[in-house]
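Read through the structure below, which is laid out as structure tokens, and then see the notes.
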Amino acid sequence: MEPAARKKPARTPTPEAPAKRTRVDRDSVLFALGELVRREVDLDALLAQVIDTVTKAMDADRGTFYLVDRARGELFSKAAHLPELREIRLKVGQGIAGHVARTGEAINLSHTEGDPRFYGAIDRATNYATRSMLCVPVLDRAGEILGVLQLLNKKGAAFDDDDEALLRALASQVAMLVESTSLYAQLRAPTGGPLRYRFNGVVGGGARMRRVYDLVTRAAGTDATVLITGETGTGKGLIARAIHYNSPRAGRPFVAVDCASLPATLIENELFGHERGAYTGADQRSVGKFEAADGGTVFLDELGEVPLPLQSKLLRVLQDREFERVGGRKTLKVDVRILAATNRNLEDMVARQRFREDLYYRLRVLSLAMPPLRERGPEDLEQLAYHFLAGFAQRHNKPVVRFSPPALARLHAHSWPGNIRELENCIEGAVVLSVGDAIEVADLPLPADPRELPPAGRKGGRGAAADLARLSWTEMEKLYIEAVLAAHDGNRSGAARAMGIGRATLLRKIKALKIRA
Ligand SMILES: Nc1ncnc2c1ncn2[C@@H]1O[C@H](COP(=O)(O)OP(=O)(O)OP(=O)(O)O)[C@@H](O)[C@H]1O
Ligand SMILES: [Mg+2]
């Protein structure tokens, strides 16, 4: 928080308030926000920066972003210039911000004094004098009020209509930002829960991912080579970008090379460039990825596919940051950070002499294993599912906002061998097929429920039993209860009878297992 924000402003506005103020360039503020989104991994830090950017751009003294906590009928400050208090909580309808949260109408006050809606208790608690105030609602795609963006004390004058228009534009940016995170899903979830996540398009705050974020944060501060491993679709590419954009090299290029998509002869060309006349058709000199990335990061994706001869050239780059262009004699030196990813078991490849051992050790200075989706726990799965639901509903212009309980149970029952990519594709397909506001089981492009298939109906004898065996006992129990409840249209007495347990027992389990019934 800026120390300047502590200063207590004069209570009376300066009489010779300049009529003309520097107009903020709307596009540049929006662009600045876009940049922030790309760089921040931590949502709280991101929102704090957003508030800073907006407040500064609009020449205000303080800014606050409130979120609406529906379950409690309250607003709480999610990011604020608020050195004095840890958090502000208001009832919906209380104070100016609470009023905006209730009505969805913006409020622009040149003088708070005498306005009955103004809630003076916060000023008293913070010893801050609020004179002018501009408060706009933050609405989601469906037009529901997600939160409130509030600015206090325009420097030199009161806020005008142009300010209001700009703040509204910024509010819709903030809404999109929040909607693209798991924060949004959690806000909509009836259970609420602690609001802590990481960001940068990286969704999921479970224990496995928290360990990944820790490593990303630590790795980002260094120039160490990082080897990212994990099954296909687990987010290796995404994490590589997060490392780069959180490192001191963020302002320099991030250059990704997909080693699997190019034939061996071309990878070398792609990585190191070539001199004119290096081979037939090479009538121009070309710059390779390592040169293009100078000062930045090179991401060697699918590194396990690199053929042995090229591996030795890579080793040299890793050791000395030196190489020659194809057909060239001059040794070039570059300053790059190297990240690599593979879904292959490199250790195994080393044992089979398909991968150079020395290169392997050079690469895995830091290694980061991305967890498969099925090991990330039910909460991450739901956060991701809602994250993709929101994105695709917007993209395909569909009114869908939720999963029916059986559809959610079906998502939990699947083992996701293709991990997040598979989930992403599955949700997109379901959104396209969906009618109305909920995704139903029938919309999900998944094989029939494993529990309804005879084991013989699945290939190789794995299948239903294997799928179930991946679940923990609690997950099984939860699925079972959700399915029976769904079959009884949510009627708990009927479901309890069908399960052969008492209604009180069922209610206890619903609560303990956090079943949304
Ligand atoms: N934690 C996450 N939050 C949101 N989206 C994610 C997350 N992890 C992955 N994705 C999305 O899932 C898809 C697959 O991710 P990515 O391409 O990074 O996986 P990968 O591990 O590199 O896969 P492959 O080995 O097949 O290259 C991408 O569209 C990515 O944006
Ligand atoms: Mg990838």
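As the structure lists them, so they are numbered: ligands from 1, and atoms in each ligand from 1. Fair warning: this is a prediction, and the values are worked out from it, not measured in the lab.
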>> So, 4.0 Å and heavy atoms of G230: is ligand 1 close enough to count as a contact?
In response: no
> Is it the side chain, the backbone, both or neither of I239 that has a heavy atom closer than 4.0 Å to ligand 1?
Replying inline: neither
> Judging by distance only, is a nitrogen or oxygen of I420 under 3.5 angstrom from one on ligand 1?
Replying inline: no
> Nearest heavy-atom pair of A293 and V298: which atoms, and what distance?
Replying inline: CB-CG2, 3.5 Å
> Given M370, E424, E302, which has its nearest heavy atom closest to atom 27 (O) of ligand 1?
Replying inline: E302
> Any N/O of G237 closer than 3.5 Å to an N/O of ligand 1?
Replying inline: yes
>> Any carboxylate oxygen within less than 4.0 angstrom of a Lys/Arg side-chain nitrogen, looking at R249 and D223?
In response: yes
> For atom 31 (O) of ligand 1, which of L238, D301, T342 has the closest heavy atom?
Replying inline: L238
> Using 4.0 Å as the upper bound for N to carboxylate O, is an ion pair formed by D214 and R210?
Replying inline: no
> Does a salt bridge link D437 with R402, judged by any charged N lying under 4.0 Å from a carboxylate O?
Replying inline: yes
>> Would you call the rings of Y360 and F355 parallel, tilted or perpendicular, taking 30° and 60° as the class edges?
In response: perpendicular
> Does T232 reach ligand 1 with a nitrogen or oxygen that is under 3.5 Å from one of the ligand's nitrogen or oxygen atoms?
Replying inline: yes
> Only one of V317, L314, L271 clears side chain to side chain contact (heavy atoms under 4.5 Å, CB included) with F323; which?
Replying inline: V317
>> Suppose I only count heavy atoms of L384 and a 4.0 Å limit; which atoms of ligand 1 are within that range?
In response: 2 (C), 3 (N), 4 (C)
>> Distance under 4.0 Å to a non-hydrogen atom of N343: what atoms of ligand 1 satisfy this?
In response: 25 (O)
> Is the F254 ring parallel, tilted or perpendicular to the H244 ring (thresholds 30°, 60°)?
Replying inline: tilted
>> Pairs of nitrogen or oxygen atoms closer than 3.5 Å, one from F388 and one from ligand 1: do any exist?
In response: no
